[in-house]
There are 2 protein chains.
Amino acid sequence: MKPGVSIPKIYDWDDRKGPKPVDPALDGLVRDIIGKVADKWTMLILEALSDHGTLRFSEVGRKVGDISQKMLTKTLRQMEEDGLVQRVVHPVIPPHVDYSLTEMGGTLGAAFCDVWLWAEAHHARIEASRKAFAERNGAA
Amino acid sequence: MKPGVSIPKIYDWDDRKGPKPVDPALDGLVRDIIGKVADKWTMLILEALSDHGTLRFSEVGRKVGDISQKMLTKTLRQMEEDGLVQRVVHPVIPPHVDYSLTEMGGTLGAAFCDVWLWAEAHHARIEASRKAFAERNGAA
DNA sequence: CTGGATCCGGTTTGATACTG
DNA sequence: CAGTATCAAACCGGATCCAG
């Protein structure tokens, strides 16, 4: 992946010996984590909370943008369950619920930093690539 | 996001002035990119090609694991359209199609490196967090 | 025989309306 | 305000079918 960095892999997928995860259970868990973390809404919420610190439910929604309440609720709860965000309910009327990143959530946000930088740095090339693909495909 | 690093943000989400992207079109494009890149299968395929270089269609599927042919085709094509992978068809019988990362795809793989390391480093804490959440919730 | 397109059933998502 | 309930639409996986 990252040039010049030796990655402590837990996989040992070597073609000559066939697929051979060192620990199947661990393999499945890491895959599961990636499956949840590599999610559009998770990333966007992570970014919002990373940038703004503590936010209320509807504030998160506003920062994220086009998210539906359902996905906001669902994703936030999943992130809470995984220990990425902390949810604090203030028992007042009207209700007041604060969301913020845990220390672990903060480190994940930091890990995603390079991906955001990549997206910002490459959007022009991606657009060009899409256009080229479109006419290459449409011109058939 | 990353402590000590000044990020060249294109957003200017400042609460005091309301949501105010510097360039709405650019904002939408970056969001779109994140939406596609922050996808389970995209990440897994990226990782597979990043680790193994050039792979055939079914080899990619095998390395990724549980992916269906449909999602494999779809994701691969999306990645090709975005300029992340290069698709080479050898007109032979039986068919032979090679997939590999473009230079841009390689840099994205590198950007995701930290996320993989994070997942590998935190799976234990996540499991613990889920268990705690479960009994906290189930004990109600 | 491989790469991939198509159809169908179950799941997830989104928009709207409703509650404490 | 912060959700939940409901229903329609989009999506995904699996099986099947097709082309080279």
Side-chain angles (χ1 to χ4, degrees), chain A residues 15 19 28 31-32 34-45 48-49 52 54-82 85-100 133 136-138 140, chain B residues 15 18-19 28 31-32 34-45 48-49 52 54-81 84-100 133 136-137 140:
Chain A
D15 288 337
R31 287 184 70 91
D32 179 57
I34 291 296
K36 278 173 182 152
V37 145
D39 170 73
K40 181 186 176 182
W41 298 132
T42 303
M43 252 193 87
L44 258 8
I45 291 175
L49 290 175
H52 294 86
T54 299
L55 292 175
R56 300 180 57 165
F57 180 80
S58 32
E59 285 177 327
V60 178
R62 227 169 294 127
K63 302 295 179 228
V64 167
D66 266 339
I67 191 170
S68 65
Q69 299 96 307
K70 188 199 248 180
M71 287 317 291
L72 185 55
T73 302
K74 186 185 176 192
T75 310
L76 240 14
R77 240 191 267 292
Q78 178 69 63
M79 292 173 78
E80 185 195 358
E81 185 174 347
D82 290 347
V85 309
Q86 189 184 15
R87 179 172 178 267
V88 178
V89 182
H90 299 93
V92 297
I93 293 179
H96 185 126
V97 182
D98 281 328
Y99 290 92
S100 57
F133 183 89
R136 189 193 330 153
N137 188 285
Chain B
D15 288 337
R31 286 184 72 91
D32 179 56
I34 292 297
K36 278 173 182 151
V37 144
D39 171 73
K40 182 186 177 183
W41 298 132
T42 302
M43 256 194 85
L44 258 9
I45 292 175
L49 290 175
H52 294 87
T54 299
L55 291 175
R56 300 182 54 168
F57 180 81
S58 32
E59 285 177 328
V60 179
R62 227 168 295 127
K63 302 294 179 230
V64 167
D66 265 339
I67 191 170
S68 65
Q69 293 104 312
K70 188 202 251 180
M71 287 316 291
L72 185 56
T73 304
K74 187 185 175 191
T75 309
L76 240 15
R77 208 150 301 202
Q78 178 69 63
M79 293 173 78
E80 185 196 359
E81 185 174 346
L84 301 177
V85 310
Q86 189 184 14
R87 179 172 177 265
V88 178
V89 182
H90 299 93
V92 297
I93 294 177
H96 185 124
V97 183
D98 282 328
Y99 290 91
S100 58
F133 183 91
R136 188 193 329 155
N137 189 285

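Everything numeric here is computed off the predicted structure, so don't read it as measured data. So that the names make sense, note that chain A is the first sequence line, chain B the second, and so on, each numbered from 1.
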Using a cut-off of strictly less than 4.0 Å, decide whether A:R56 has a side-chain nitrogen or oxygen near OP1 or OP2 of D:dG3.
no
With a cut-off of less than 4.0 Å, is there a side-chain N or O of B:S58 near OP1 or OP2 of C:dG3?
yes
To the nearest angstrom, the NZ-C1' distance between A:K40 and C:dG14 comes to 11 Å
Whole-Å distance, B:L72 CG to C:dG3 P, equals 9 Å
Rounded to 10°, the angle between the first-five-pair and last-five-pair axes of the helix from C:dC1-D:dG20 to C:dG20-D:dC1 is 30°
Near-strand residues of residues 91-99 of chain A, defined as heavy-atom separation under 4.0 angstrom from DNA chain D
A:P94, A:P95, A:V97, A:Y99
Would you compute the distance between atom CZ of A:R136 and atom CD of B:E80 and round it to the nearest 0.5 angstrom?
6.0 Å
Give a yes/no answer on whether the side chain of B:S68 brings an N or O atom under 4.0 Å of OP1 or OP2 in D:dG13.
yes
B:E80 CD - C:dG3 P separation (whole Å):
15 Å
Provide, to the nearest angstrom, the distance between the CG atom belonging to B:L44 and the C1' atom belonging to D:dG13.
16 Å
From CE of B:M71 across to C1' of C:dT11 the rounded distance in Å is 14 Å
Under 4.0 Å between any heavy atoms, over every strand shown, what does B:Q69 touch: base, sugar-phosphate, or nothing? Just pick one.
nothing
From the candidates D:dC1, D:dT6, C:dG4, the one with an atom nearest any side-chain atom of A:K70 is D:dT6
Phosphate oxygens OP1/OP2 of C:dG3: is one of them under 4.0 Å from a side-chain N or O of B:R77?
no
Would you call B:L44 and A:R31 a side-chain contact if the rule is heavy atoms closer than 4.5 Å?
yes
Atom-pair distance (CD1 on B:I67; P on C:dG3), nearest Å
14 Å
Inter-residue atom distance B:R87.CZ - B:E81.CD, 0.5 Å rounding
13.0 Å
What's the separation between atom CD in B:Q69 and atom CG in B:L72, rounded to the nearest 0.5 Å?
8.0 Å
Would you mind reporting whether A:R56 and A:V97 have side-chain heavy atoms less than 4.5 Å apart?
no
To the nearest 0.5 Å, atom CG of A:L49 lies from atom CD of A:E59 at 10.0 Å
Parallel, tilted or perpendicular: ring planes of B:F57 versus B:Y99, cut at 30 and 60 degrees:
tilted
Over how many whole Å does the gap from B:F57 atom CZ to C:dC1 atom P extend?
17 Å
Here the gap from B:N137 atom CG to B:F133 atom CZ, rounded to the nearest 0.5 Å, amounts to 5.0 Å
Separation of B:K74 atom NZ from D:dA10 atom C1', in whole Å?
9 Å
Phosphate OP1/OP2 of C:dT12 contacted by A:W41 side-chain N/O (<4.0 Å):
no
Taking it one step at a time, do A:H90 and A:D98 satisfy side-chain contact (heavy atoms from CB on, under 4.5 Å)?
CA-CA 8 Å; A:H90 299 93; A:D98 281 328; 2.9 Å; yes
OG1 on A:T75 to CD1 on A:I67, rounded to 0.5 Å:
5.0 Å
